[in-house]
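As the structure is a prediction and not an experimental result, all values here were calculated from the model. Atom set for the values below is all heavy atoms of this structure, side chains included, hydrogens, waters and symmetry mates excluded.
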Amino acid sequence: MWEYTDKVMEHFRNPRNVGVIEDADAVGEVGSLSCGDALRLMLKLGPDGRIADAKFQTFGCASAIASSSALTELIKGKTLEEAAQVTNQDIADYLGGLPEQKMHCSVMGRDALLAAIENFKKGGAPVPRKDSRLVCACMGVTEKVIERAIRENRLKTVEEVTHYTKAGGGCGGCIPDIEAILKRVTAEMERAGATVPKNLTVFEKIQKIQETLDREIRPALRQDGGDIELLDIDGDRVIVSLRGTCSQCRLSTVTLKDVVQAKLREFVSPTLSVIEDGNRPVEEA
Amino acid sequence: MNEKPVIYLDNNATTRVAPEVRDAILPFFTDLYGNPSSIHSFGGQVKRHVDQARQELAALLGAQPDEVVFTAGGSESDNQAIRGVLEALGGKKRHLVTSRVEHPAVRSLGQHLSKIGYRVTEIGVDHDGALDMEELSAAIGDDTALVSIMWANNETGVLFPIEEIGALCRRRGVLFHTDAVQAVGKVPIDLSRLPVDLLSLSGHKLHAPKGIGALFIRRGTPVSPLIIGGHQERGRRAGTENVPGIVGLGVAARLARQNLAQEVRELSALRDRLEQGLLRGCRGARVNGKNRLPNTLNISFEYIEGESILLHLDEIGVAASSGSACTSGSLEPSHVLRAMGVPFTAAHGSIRFSLSRYNTRQEIDFVIEHMPRIVDKLRELSPFVPENNRQRQWQGSVGNPACAPGCGRCSSDH
Ligand SMILES: Cc1ncc(COP(=O)(O)O)c(C=O)c1O
């Protein structure tokens, strides 16, 4: 028997926000029947750009249902930009914790949320997950999902990766592959961590931010015809400006927060926050 | 202690100790605590009780008392049988034939043996859970030391044709072991006329305590001991006897023998009532397995997940089990249901109800009454239920809701 918290059991018994939004602005679907759990998240945005309604349908165990319920509660009233900051750990924390082997339920919630945001950016088109290599065919888990779980939860072992993503939980054929991903990502994280001295001078900080933007951000932005420029830093506030098609994009703040800030926090300092310079206040997205 | 009254429908997992068994055991903790191997009469009197228990168990099986070796349970009996035979044959024959639906006590052992130089063949089953006899016949070769096929499946209750398998093994000159942990006490067994060389059983599945079991070893069968030490059990299983357990198993065997015919009738009537009631009352229900033990119902509820069903049942005091991935502690649904080719739409939502002589009609009717509500509640949540999907088809990450791309796990069924 699993040790579920009272909060998990309460959300399992009385899940919030079950159902369908017929004219949803964003839909995210992850998982499959064969894998034993699946979640469909539907979002409706208000005129202010905030999530006015969130509903879900879930196939899965008690912790999957509770995680879906918690997710909808956590994101309601948030902008997509703010919602994108909700991590799987936030979902688990909201529920007073999940058994280690059930963390994949919280990751499923996070994945559905990101899929929904992606779906919105693409104007409601279904989001094919072919954008990343399938690592675990048994459980349908891509490299991107594994890598994100490793980074966000600082996973160290294959077993942990399985608990968080289910990858490797089927025939086990992909375990060497997961080991290789773990090794690569851990090395990248260590390199990033090791090169950040405890107290960066402003100059060092600028340099590190520039390097990170060059390496992690620009190539992706330029693919879409955009660019990013570092304007200033003020303590932990990093002020940037977006160029080209990016600045026209209604969802530029999602790009900013979701990608730039995450990368800067990962590679430079976890306390940084990113602000866009310009006439348009960030919230207006 | 849990004060909630429980409707216990998980008797293939373990059973309540019969009150008669409990009463018979208690003196062996207080007054009759001697060692049966001792020379003094204080110990010697205990030996008589052990002998009597051996006779009771032999009578239930249609065996001779000296063919019964007490062990610490079903898993030990299975290990003793398989490893004991392989060792006794001196490593000359290195092939084991078993099935894809065995309990882990046999299946994991087979996987272990295949890593240390043995060849292991697992025979498949069909959609109803029936063993592929042709495949079995074809698998037996000159190198085959032992065929180990269970009598009744713990998850589905499906019975295998033991007499037919035994006869095949005799004809081909290979030894035959059967894991009868789920069969003993639930179906008539007469080893005096069955071609079975070794048979495993476990006390806690027939109202005796946990941690006691037995292995039937037909006279003349070559078996090396697994546990080596003192001369107990005529050198076939060392260690001071678990006297209370043995006495309890003896009484449980007597109760089973006396009540078997009546219990089979009553249990199958109750089980059929449950089965019909659930099939009639619940949407998307289908039974897994044909030709089953009288007490077992393995039923799937399509598009919903087993752990969620079990927890809702638990809330109303009903104890059952599931073959879903979430409950197995692994991420895969039951190997038994997958071997049968039960589609994923149903395998994750499988529930096993297993009854005993202590269940009542009222309890069964309570489950029949409450189950439809639980199923409906979970179906309402499910993105896969067709009527929830009028607006949109599932577009999820892996396309086909039934199966991930490149999935090599499932058998034919979708
Ligand atoms: C078919 C079968 N074999 C073996 C065992 C193992 O028995 P025990 O728990 O006594 O070791 C069980 C019990 O779960 C069983 O159902």
Enquirer: Within this structure, what is the CZ-CG distance for the pair A/Phe12 and B/Leu378, rounded to the nearest 0.5 Å?
Expert: 6.0 Å
Enquirer: Counting only heavy atoms not in A/Asp6 (residues, nucleotides, ligands), do more than 12 fall under 6.0 Å from its CG?
Expert: no
Enquirer: Nearest 0.5 Å, please: how far is CG in B/Leu381 from OG in A/Ser69?
Expert: 9.5 Å
Enquirer: Just verifying a value: how many Å separate B/Leu311 CG and A/Met9 CE, rounded to the nearest 0.5 Å?
Expert: 5.0 Å
Enquirer: Heavy atoms, side chains only, cut-off 4.5 Å: are B/Phe384 and A/Gln57 in contact?
Expert: no
Enquirer: Is there a side-chain contact between B/Ser382 and A/Thr58 (heavy atoms, below 4.5 Å)?
Expert: no
Enquirer: Side chain, backbone, both or neither: which part of A/Thr162 has a non-hydrogen atom closer than 4.5 Å to chain B?
Expert: both
Enquirer: Between B/Glu307 and A/Ala62 (side chain of the first, backbone of the second, donor and acceptor by atom type, cut-off under 3.5 Å), is there such a pair?
Expert: yes
Enquirer: For A/Glu159, does the CD atom have more than 12 heavy-atom neighbours from other residues, nucleotides or ligands under 6.0 Å away?
Expert: no
Enquirer: Any idea which heavy atoms bring A/Pro15 and B/Lys377 closest together, and the distance?
Expert: CD-NZ, 4.5 Å
Enquirer: Measure B/Ile304 against the heavy atoms of chain A and call it side chain, backbone, both or neither at under 4.5 Å.
Expert: backbone
Enquirer: Quick one: are B/Pro383 and A/Leu39 in side-chain contact, heavy atoms under 4.5 Å?
Expert: no
Enquirer: I want to check something: taking the side chain as every heavy atom from C-beta on, are B/Val385 and A/Phe59 in contact at a cut-off of under 4.5 Å?
Expert: no
Enquirer: Can you tell me if B/Glu380 has over 12 outside heavy atoms packed within less than 6.0 Å of its CD?
Expert: no
